[in-house]
Amino acid sequence: MAARFWRVAVRKAARSCRPDLPAVGRKLEILRKRAAFLAIAASGKRWVAPGFILQIGTAHPATPAVFYGLTASRKIGNAVTRNRARRRLRALAAEILPHASPEHDYVLIARATTPTGKYNDLRQDLVKGLKRMKVWREDACP
RNA sequence: CCAGACGGUCGGAUGAUCGCCCCUUCCUUCAGGUUGGGGAGGAAAGUCCGGGCUUCAGGGGAAAAGGGUGCCGGAUAACGUCCGGUCGGGGCGACUCGAAGGAAAGUGCCACAGAAAACAAACUACCUUCUCGUAAGGGAGGGAAAAGGUGAAAAGGUGCGGUAAGAGCGCACCGCGUCUUUGGCAACAAAGGCGGCACGGAAAACCCCACCCGAAGCAAAACCGAAUAGGAGCCGCAUAGCGCAUACCUGAUAUUCGUAUCAUAGGUGCGCGGCGCUUUCCCCGCGCGCGGCUCGGGUUGGUUGCUUGAGGCGUUUGGCAACAAACGUCCCAGAUGAAUGAUCGUCCAUUGCAGCAAUGCGAUGACAAAACCCGGCUUAUAGACCGUCUGGCGCU
């Protein structure tokens, strides 16, 4: 009940701050180049949750958008499973990552439980992880 | 109604909120907004066959090697696929399965067991002659291959006759071989004659015969952009060439500036020769130095290829069928760290618990996701539905 209310509030906030572009941490861009993934992995900062692994790249000047990438390896299952994991992570990123600092790049790595776990758990874990790593911005539009 | 055979269709439904990719309308400050439309499969899978397409200039012929296919006829762009037959297995049946050419071209093989595994042979045992012995029985020679035993297989089978015992030794039927006739396009089948049995298995050992096959793949390939980038150097080989023609182009000379002349300047054309052209050879044709080593550089990106196709659906006609033709109609994914979804309800299935029950609470949702495109094959697949047929049982 509380979670539902919280989610609606976020959506309202996201909608309300749309007019004032270009504000920090609003848009999302997906990384597609192998070199970018390697650079983020090399920074070594990672946070492991039951449903996924979060990697954070080294700090750089803030960009207009938050860059993030998704990885679903052969290990977690066949093509259907990998697709489902990647799509759940993409939905999660669309909801949560506007709150992340645009001074870093992020990579979400799918684990075996990603396609089957509870969506609420995934969401809470990601928020927790961002706060732990001190890249959480409470207001999406400061 | 039960059990089964074959073929086909589908393979969760629906709503709300928030999104993604492609095409498109309009607005436009060129960054977006906006209108409308489309967006995974029967196997998209495995990548096992067959094609299209692209590149290696291309085309034709022959040979060798290698690979593939293998009853007959048809379908098809093609196939190892499909359809219809034949033959041989399985099933009461519907139906189904089949590495189904040649063993009389040749070489080799047939384990174990057994006497013997392919010019047949003879262990036990059978018959007989001679001989030794009182006898039981033994020894030597001959006949024969029926009985026993071994084996996947023992050189036709069963019955009768025959014989010292036996044996296709003779006869009948069956099998086999061969010839003829008939039916069939054919594979093959049927009938009749002849033969007295010759020809064991395995070709999934090599092999022979007939037919087919160039290679690599969309990371193909083309273009744009970028870059000193079809780069530079050295070595080796080679006739790095020769002849003829040509004033058309560049060039040279002369010039009255209009042009003329020059073939021992280059280009160009033709011929000869050399090398190369996807294993080799020949012919046509095409291209032109070739080969090796060293140094330096490049490999990001974008666009095209990219989805209108041996296309889908419907009707009619031909055909037993696979399929073909005609007409009508439709446009139906195009991503590239890879879109086609995420979340939450309701319903539908399956299932667990509780309950006398109505029902309630919870869990789960087959296999599996396009990657240039088609035709097949193979494998995976919870469940639902439809049609045709077979064998039972019951009823009228």
Side-chain angles (χ1 to χ4, degrees), chain A residues 1-131 133 135-142:
Chain A
M1 189 64 187
R4 191 178 298 178
F5 173 77
W6 173 84
R7 185 161 50 83
V8 170
V10 166
R11 208 188 303 136
K12 273 185 183 167
R15 212 183 289 136
S16 70
C17 63
R18 192 161 282 168
D20 9 305
L21 285 167
V24 168
R26 187 151 303 110
K27 279 170 54 188
L28 293 174
E29 287 288 335
I30 298 184
L31 297 170
R32 298 190 187 282
K33 301 295 168 215
R34 178 174 167 76
F37 283 82
L38 292 177
I40 293 169
S43 79
K45 292 180 70 178
R46 42 190 264 154
W47 192 77
V48 180
F52 58 89
I53 297 172
L54 173 68
Q55 286 184 330
I56 299 178
T58 51
H60 54 75
T63 48
V66 175
F67 285 87
Y68 76 102
L70 300 171
T71 294
S73 74
R74 259 267 163 78
K75 257 188 297 186
I76 69 166
N78 61 17
V80 176
T81 309
R82 292 201 301 276
N83 270 340
R84 184 168 168 78
R86 192 157 44 223
R87 282 161 183 162
R88 292 191 93 191
L89 289 180
R90 186 181 297 131
L92 193 67
E95 193 176 338
I96 306 295
L97 281 187
H99 291 278
S101 163
E103 295 167 354
H104 295 274
D105 295 337
Y106 305 89
V107 169
L108 290 171
I109 302 173
R111 306 187 71 187
T113 55
T114 306
T116 55
K118 292 237 187 239
Y119 188 71
N120 266 333
D121 294 344
L122 292 178
R123 187 163 52 204
Q124 283 164 13
D125 281 340
L126 182 54
V127 171
K128 201 163 98 185
L130 291 173
K131 286 179 174 170
M133 307 303 268
V135 291
W136 173 260
R137 298 290 180 271
E138 193 54 52
D139 192 353
C141 347

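Proteins come first, then strands; the chains are lettered A, B, ... in the order of their sequence lines, and each starts at number 1.
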S.K.: Counting only Watson-Crick pairs (N1-N3 plus N6-O4 or O6-N4) and G-U wobbles (N1-O2, O6-N3), all under 3.5 Å, who is the partner of B/rC372?
M.R.: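 Per the H-bond distance test, B/rG52.
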S.K.: Please list, for nucleotides 368-370 of chain B, all pairs of protein and nucleotide N/O atoms separated by less than 3.5 Å.
M.R.:
from	atom 1	to	atom 2	distance (Å)
B/rA369	N7	A/N83	ND2	2.4
B/rA369	N6	A/R87	NH1	2.6

S.K.: Both distances below 3.5 Å, Watson-Crick or wobble geometry, any strand: find the nucleotide opposite B/rU381.
M.R.: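 The base-pairing partner of B/rU381, which may sit in any strand shown, does not exist here.
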S.K.: In whole Å, what separates the P atom of B/rC83 from that of B/rC377?
M.R.: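 Approximately 9 Å lies between the P atom of B/rC83 and that of B/rC377.
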S.K.: Whole Å only: how far is the CZ atom of A/R123 from the C1' atom of B/rC18?
M.R.: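 So the two atoms are 12 Å apart, to the nearest Å.
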S.K.: How far does the P atom of B/rA322 sit from the matching atom of B/rU9, given to the nearest Å?
M.R.: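 Pairwise P distance, B/rA322 against B/rU9, rounds to 14 Å.
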S.K.: Please state how far atom CG in A/N120 lies from atom P in B/rG345, giving the value in whole angstrom units.
M.R.: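 Nearest whole value for this atom pair: 10 Å.
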S.K.: Kindly give the atom pairs (protein nitrogen or oxygen, nucleotide nitrogen or oxygen) under 3.5 Å for nucleotides 362-364 of chain B.
M.R.:
none

S.K.: Distance check needed: B/rA342 C1' versus A/L122 CG, whole Å only.
M.R.: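 One finds 11 Å between C1' of B/rA342 and CG of A/L122, rounded.
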S.K.: Of A/A91 and A/A94, whose closest RNA chain B nucleotide lies nearer the 5' terminus?
M.R.: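 Its nearest nucleotide lies further toward 5', so the answer is A/A94.
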S.K.: Quick check on RNA chain B: between A/P115 and A/R90, whose nearest nucleotide comes earlier from the 5' end?
M.R.: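 Nearer the 5' end of the strand: A/R90.
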S.K.: Counting only Watson-Crick pairs (N1-N3 plus N6-O4 or O6-N4) and G-U wobbles (N1-O2, O6-N3), all under 3.5 Å, who is the partner of B/rG114?
M.R.: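 No nucleotide pairs with B/rG114.
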S.K.: Under 3.5 Å, side chain of A/T114 to main-chain N/O of A/G51, donor-acceptor pair present?
M.R.: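 Yes, A/T114 side chain to A/G51 backbone: donor-acceptor pair under 3.5 Å.
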